There are 2 protein chains.
Amino acid sequence: MSAKVPAGKKIRSNHVDIVQVAQHAGVSPATVSRVANGQSTVAKHLAKRVWKAIEELGYTPNPQARALVSGRSRVLGLLVSEITNPFFPELMQSFEDVAGEHDFEVMIGSTNYNRERAKLFIRRLVQRRVEGVAVMTFRAESHLLDELVAQDIPLVTIDVSANSARSLVLEVDYAYGIDQTIQHLALLGHRRIGFASGPLPHLTNVRRRDAFLNSVKKIGLSAQNTPIFIGDHTFEGGTLAALHFLKCKPRPTAIVCSNDMMAIGVLRVMTERGIRVPREVSVVGFDDIHLAEFTNPPLTTVCMSRQELAHAAFRGLEQLWAGSSPDSNNSIRVRTGLVIRQSTDPPLELADSLRTRSRSRKVKVRSAAI
Amino acid sequence: MSAKVPAGKKIRSNHVDIVQVAQHAGVSPATVSRVANGQSTVAKHLAKRVWKAIEELGYTPNPQARALVSGRSRVLGLLVSEITNPFFPELMQSFEDVAGEHDFEVMIGSTNYNRERAKLFIRRLVQRRVEGVAVMTFRAESHLLDELVAQDIPLVTIDVSANSARSLVLEVDYAYGIDQTIQHLALLGHRRIGFASGPLPHLTNVRRRDAFLNSVKKIGLSAQNTPIFIGDHTFEGGTLAALHFLKCKPRPTAIVCSNDMMAIGVLRVMTERGIRVPREVSVVGFDDIHLAEFTNPPLTTVCMSRQELAHAAFRGLEQLWAGSSPDSNNSIRVRTGLVIRQSTDPPLELADSLRTRSRSRKVKVRSAAI
DNA sequence: TGATTGCAAGAAATCGATTTCTCAAATAAA
DNA sequence: TTTATTTGAGAAATCGATTTCTTGCAATCA
């Protein structure tokens with residue numbers, strides 16, 4: 001059926017080219033191109049003939065040739081932290097889907113938190129002439145992106161800001177997820193909620209803390225009932241936070257942490273002290289790292305929607321292509337959402353009166369929650 | 001630093017092209033090409049000058065132009081079942097790594113067991129002129145691959161065999177993992193091991209069963225102590241198998257299933273009957289599906305090495321490119337390996353005498369096991 | 001010494017599209 | 001009716017490489 005390729009060097013695929021279509025339709029290649037690209041300058045009867053020929057021969061334009069002349073490769077780069085963290089495959093899939101809908105192909109690379117790996121991948125991106133890169137990685141160092149910046153490649157980032165005019169940092173709406181958290185806790189009956197903040201110089205930590213303050217104010221909790229501990233986003237910071245909250249005079253019945261590692265530190269202290277989570281104290285994290293699913297009990301935490309993140313990243317690239325100034329006020333927001341697992345329950349004083357309450361809510365709701 | 005791109009249409013990247021290199025080195029573009037591609041027909045002193053120019057200008061050949069003239073896109077396709085199953089991200093990463101080392105880019109698509117999705121992705125692959133596709137998907141229907149076959153694109157598959165001369169099915173060495181399983185059980189002290197087979201018309205099931213028979217013979221178990229139940233690879237099949245084995249006169253102390261769904265069915269029956277796994281009966285699955293990690297107890301099962309699978313797939317494509325006949329005897333094998341989780345333990349009669357034995361082996365050894 | 005061969009390197013063709021240029025025909029304006 | 005303008009479609013240039021074709025020069029041989 002298909003032409004047999006001999007052992008020789010030169011490989012010619014059996015794809016139909018534009019000249020064949022042109023001959024079949026009795027027009028020039030230029031006309032075929034115009035029709036295929038939807039230009040209105042072609043007479044209807046000719047266009048019809050061309051479409052018929054395209055249809056009959058099963059013509060699809062050669063993307064390499066097209067890329068060559070247009071200077072646009074229609075390839076994007078996607079850099080993620082680690083592929084084994086379930087957060088990222090979902091993000092990858094969503095990003096590929098949006099990109100695919102717009103006829104872009106995606107080169108995916110996982111840094112695995114390894115600088116050399118990242119550098120190598122970024123070099124491949126530059127060599128492939130990608131038209132834009134979504135840097136969906138955490139803990140990245142901005143100078144890693146220098147090669148991309150030097151090539152003036154549009155960049156959308158989530159955690160680092162590249163030193164480039166053609167780049168854009170997505171606005172993650174931390175407040176949304178934190179508000180959900182507080183509402184969730186309030187619904188369970190908590191009225192004393194501690195907050196373990198991250199180091200405050202960092203903007204995202206200030207944002208998270210402010211979001212917390214805002215949310216507890218909304219449900220009318222006093223400052224006394226919402227103690228704040230400034231930690232450092234590490235496991236140890238979490239243990240210190242836990243010890244601090246345990247000493248508070250009216251002891252909080254729930255502890256909200258500004259990242260998961262601290263929450264895991266809190267869990268550890270509670271386990272050591274024999275304080276049962278969630279029965280005696282509820283714990284909520286932030287980030288939804290891989291580990292969160294495997295802690296004991298599995299951690300209720302806030303994570304951002306991978307789908308929204310992917311779409312936002314793509315929209316960000318579109319904005320950069322369009323050349324809209326990065327300081328334009330139509331900034332791109334990404335919602336966050338609460339993932340309810342098993343580290344939250346009604347506070348002890350309430351729980352006893354609710355003993356008969358169904359425990360069915362403890363099913364995994366990871367995907368549904370966002 | 002980089003030339004500013006005006007709002008105009010035509011986009012020219014700031015990449016150095018071969019002509020600039022040629023001028024800088026004072027030679028013709030042809031010579032640059034010859035040097036860059038390592039052809040020996042260039043005088044040493046000229047080659048040196050060219051390399052210097054390439055270095056100084058940071059030249060990297062435009063892959064689109066190269067693809068156009070050579071007819072080779074240097075893009076591969078990778079089709080997987082579902083990205084949320086942790087099996088696949090690992091496979092994807094490994095495959096991208098091998099491909100990247102050989103200067104190939106990979107287009108990844110996840111079918112999510114959805115026919116339309118798969119078709120769409122395959123169409124994108126054809127349009128992109130991929131040079132080969134690794135179909136690392138289970139439960140695929142071979143006619144899904146028809147479009148690829150029609151384009152004569154080399155295919156390496158794992159579960160389906162495409163009706164194409166330029167395709168190749170990887171040989172999975174089921175025997176290896178099953179032998180590991182039996183050894184593992186024997187080491188724990190099991191001497192009566194049941195096997196729940198899948199439907200026997202299918203070749204892979206025959207292979208798995210034969211492997212089982214071989215392995216138990218090797219450790220000297222009689223047919224009476226190794227009862228076999230022919231199931232259908234479903235959950236219900238597993239429950240039937242369990243009921244069958246419970247009725248066996250010398251009841252097996254361990255049950256090996258030829259896929260995970262059946263093993264999960266076995267677990268269910270045991271739970272219902274109050275028979276503790278692994279204390280009273282050990283259960284082993286096959287496939288290492290996503291669920292296996294979340295059963296109660298987490299299922300010890302056989303899975304194939306993602307890394308080996310990825311490498312094998314790439315080597316398979318290389319073979320097809322080289323044009324070696326598919327029936328050549330250097331078939332490509334993929335090892336399987338036992339993933340020890342928590343559904344296996346010494347048999348009850350032995351366990352009591354070993355009460356003091358460390359339970360530390362129960363840590364997760366997923367990655368280490370392969 | 002002159003004819004032949006070998007070889008290195010430049011000139012030019014090629015890949016398959018898009019896009020600019022060009023020109024003839026059709027329409028509009030005078 | 002004649003001239004100016006628009007329009008549609010083909011011819012040709014272009015993108016950036018690779019590869020074939022040529023050519024000039026040096027080496028080999030008679």
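Quantities reported herein were computed from a predicted structural model and do not represent experimental measurements. In what follows, chains carry the letters A, B, and so on, assigned in the order in which the sequence lines appear, proteins first and then strands, with residues in each chain numbered from 1.
Remark: C1' of C:dA8 and NZ of B:Lys44 are 12 Å apart, rounded to the nearest angstrom. When the C1' atom of D:dT18 is taken as reference, atom CZ of B:Arg74 falls 14 Å away, rounded to whole Å. When rounded to the nearest whole Å, the span between CD of A:Gln20 and C1' of C:dG16 equals 11 Å. Atom pair A:Leu68:CG and D:dC15:C1' shows a separation of 4 Å (rounding to whole Å applied). Between B:Arg66 atom CZ and D:dA17 atom P the separation is 9 Å, expressed in whole Å. In this structure, A:Gln23 places its CD atom 18 Å from P of D:dA9, rounding to the nearest Å. When rounded to the nearest whole Å, the span between NE2 of B:His15 and P of D:dA17 equals 10 Å. In this entry the distance linking CZ of A:Arg72 with P of C:dT19 reads 10 Å, nearest Å.
Remark: the backbone N or O of B:Arg66 is paired with a side-chain donor or acceptor of B:Ser70 at under 3.5 angstrom. For the pair B:Glu308 (side chain) and B:Ser305 (backbone), a donor-acceptor distance under 3.5 Å is absent. The backbone N or O of A:Gln39 lies less than 3.5 Å from no partner atom in the side chain of A:Asn37, so there is not a single donor-acceptor pair.
Ring planes of B:Phe104 and B:Trp321: parallel class, angle under 30° (limits at 30 and 60°).
Nearest nucleotide to the B:Arg34 side chain, out of D:dT20, C:dA17, C:dT14: D:dT20. In this structure, of C:dG10, C:dG16, D:dG8, it is C:dG10 that holds the atom nearest to the side chain of B:Val27. With C:dA9, D:dA9, C:dC15 as the candidates, the nucleotide lying closest to the side chain of B:Val69 is C:dC15. When each of D:dA9, C:dG16, D:dT18 is scored by its nearest atom to the side-chain atoms of B:Ile18, the top-ranked nucleotide is D:dT18. Nearest nucleotide to the B:Ser33 side chain, out of D:dG10, D:dT19, C:dA9: D:dT19. Of the candidate nucleotides C:dA11, C:dG16, C:dT18, C:dA11 has the atom nearest to the side chain of B:Ala30.
Between the side chains of A:Thr60 and B:Arg128, no donor N or O sits under 3.5 Å from an acceptor N or O. Using a 3.5 Å distance cut-off with no hydrogens or angles, the side chains of B:Ser81 and B:Thr111 do not pair a donor with an acceptor.
Under 4.0 angstrom from either OP1 or OP2 of D:dG16 there lies no side-chain N or O belonging to B:Tyr59. Between B:Asn37 and the phosphate of D:dT18, there is a side-chain N or O to OP1/OP2 separation shorter than 4.0 Å. Listed pair B:Thr31 / C:dA9 fails the phosphate criterion, with no side-chain N or O lying under 4.0 Å from OP1 or OP2.
B:Val19 comes within 4.0 angstrom of no nucleic acid atom, judged by non-hydrogen atoms across all strands. Within the nucleic acid shown, B:Val32 has no heavy atom closer than 4.0 Å to any nucleic acid atom. Using a 4.0 Å heavy-atom cutoff across all strands shown, A:Ala43 reaches sugar-phosphate atoms only and no base atom.
Around the CD atom of A:Glu318, the shell of radius 6.0 Å holds more than 12 heavy atoms that belong to other residues, nucleotides or ligands.
Each of A:Pro29 and A:Thr41 has a nearest nucleotide on DNA chain D; the 5'-most of these lies closest to A:Thr41. Mapping A:Gln64 and B:Leu46 onto DNA chain C by nearest heavy atom places B:Leu46 closer to the 5' end of the strand.
Summarising the geometry, atom CD belonging to B:Gln127 is positioned 11.0 Å from atom OH belonging to A:Tyr59; distances are rounded to the nearest 0.5 Å.
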Distances for protein N/O vs nucleotides 22-24 of chain D N/O pairs under 3.5 angstrom?
none

